[in-house]
Each structure stands twice: as structure tokens, then as C-alpha cells.
Amino acid sequence: METRVAVIGIIVENEGSVSKLNGLLHDYGKYIVGRMGIPYREKGINIISIVIDAPQDVISALSGKIGVLDGVSAKTAYSAAKKGGANAD
């Protein structure tokens with residue numbers, strides 16, 4: 001199955017949603033290549049970037065589930081090329 005590489009940029013403004021967010025990231029862990037989190041204490045937010053290598057529908061599902069969490073927003077940037085991936089089901 002073809003996969004794409006994408007970056008999901010996440011901004012967390014509601015700390016109450018962090019456990020749900022971490023649960024989602026755990027559920028999709030086999031597709032996640034890397035994760036970087038930055039607490040921006042001065043603004044009271046957390047910024048997380050996730051690099052993911054997965055089929056298009058998996059990336060869209062994860063991004064959508066993240067985006068409906070209270071106080072959490074997500075945007076996804078995709079690579080142009082589709083690849084046969086080692087992580088594909």
C-alpha cells in the first residue's frame with residue numbers, strides 16, 4: 001500500500017485534552033516517525049509536530065481526530081510523492 005510522509009502541526013491550548021491527544025498518538029504510534037513538543041509557557045500553550053509515514057486515509061483520520069479535541073488545533077502538510085511504505089498494512 002502506498003504511504004505518504006506528512007507533518008501534523010498541533011497547538012494545544014487546553015491542558016485537559018492532553019491525555020486524549022497522547023492516547024491518539026499512542027494508537028497511531030506504528031506510523032509515527034518522530035515527535036517534537038515545545039511548551040510555550042509565556043503563552044500558556046504547547047506546540048507539537050508529528051512526522052508520520054502512513055496511507056493517506058490514516059493521516060487524515062488522525063488529523064481529524066486531533067482537530068476535534070477541545071482546545072486543540074491541527075494542520076497537516078503532505079509530501080508530494082507517494083511511496084510504498086514499510087509501515088503500510
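- Counting all heavy atoms, side chain and backbone alike, Ala54 lies closest to Ile59 at O-CD1, 3.5 Å.
- To the nearest 0.5 Å, atoms CD (Glu13) and NZ (Lys43) are separated by 11.0 Å.
- Between atom CD1 of residue Ile10 and atom CG of residue Asn46 there is a gap of 11.0 Å, rounded to the nearest 0.5 Å.
- Of the N and O atoms on the side chains of Asp70 and Ser17, not one donor lies less than 3.5 Å from an acceptor on the other residue.
- A continuous path of ILVMFWY side-chain contacts below 4.5 Å connects Ile32 to Val18, so both sit in one hydrophobic cluster.
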- Item | Chi angles and distances behind the side-chain contact (heavy atoms from CB on, under 4.5 Å) call for Met36, Ile48 | CA-CA 6 Å; Met36 177 180 63; Ile48 303 168; over 6 Å; no
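- Ile66 and Ile45 fall into different hydrophobic clusters, where Ile, Leu, Val, Met, Phe, Trp and Tyr are joined by side-chain heavy atoms under 4.5 Å apart, directly or via other members.
- Note: Asp27 CG to Lys65 NZ = 7.5 Å, rounded to the nearest 0.5 Å.
- Counting heavy atoms from C-beta on, the side chains of Tyr28 and Val58 come closer than 4.5 Å.
- With rounding to the nearest 0.5 Å, the separation of CD1 in Ile38 from CD1 in Ile47 is 6.0 Å.
- Listed here is the closest heavy atom pair of Ala74 and Ile8: CB-CG2, 4.1 Å.
- Residues Tyr78 and Ile52 are members of one and the same hydrophobic cluster, defined by side-chain heavy-atom contacts under 4.5 angstrom among Ile, Leu, Val, Met, Phe, Trp and Tyr.
- For the side-chain hydrogen bond (donor to acceptor under 3.5 Å, both in side chains) test, no residue two or more places apart in sequence or in another chain qualifies with Asp57.
- In this structure, the separation between CG on Leu24 and OG on Ser63 is 11.0 Å, given to the nearest 0.5 Å.
- Here the closest heavy-atom approach between residue Val72 and residue Val12 is recorded as CG2-CG1, 4.3 Å.
- Proximity of a side-chain donor or acceptor of Arg4 to a complementary backbone N or O of Ser79 within less than 3.5 Å is detected.
- For Glu15, the CD atom counts as loosely surrounded, since its 6.0 Å shell holds 12 or fewer non-hydrogen atoms of other residues, nucleotides or ligands.
- Remark: Lys20 NZ to Asn14 CG distance equals 9.0 Å, nearest 0.5 Å.
- Linking Ile, Leu, Val, Met, Phe, Trp and Tyr whenever their side-chain heavy atoms come within less than 4.5 Å puts Leu25 and Leu69 in one cluster.
- Summarising the geometry of Ser19 relative to Gly16, their closest heavy-atom pair is OG-O, 4.4 Å, with the distance given to 0.1 Å.
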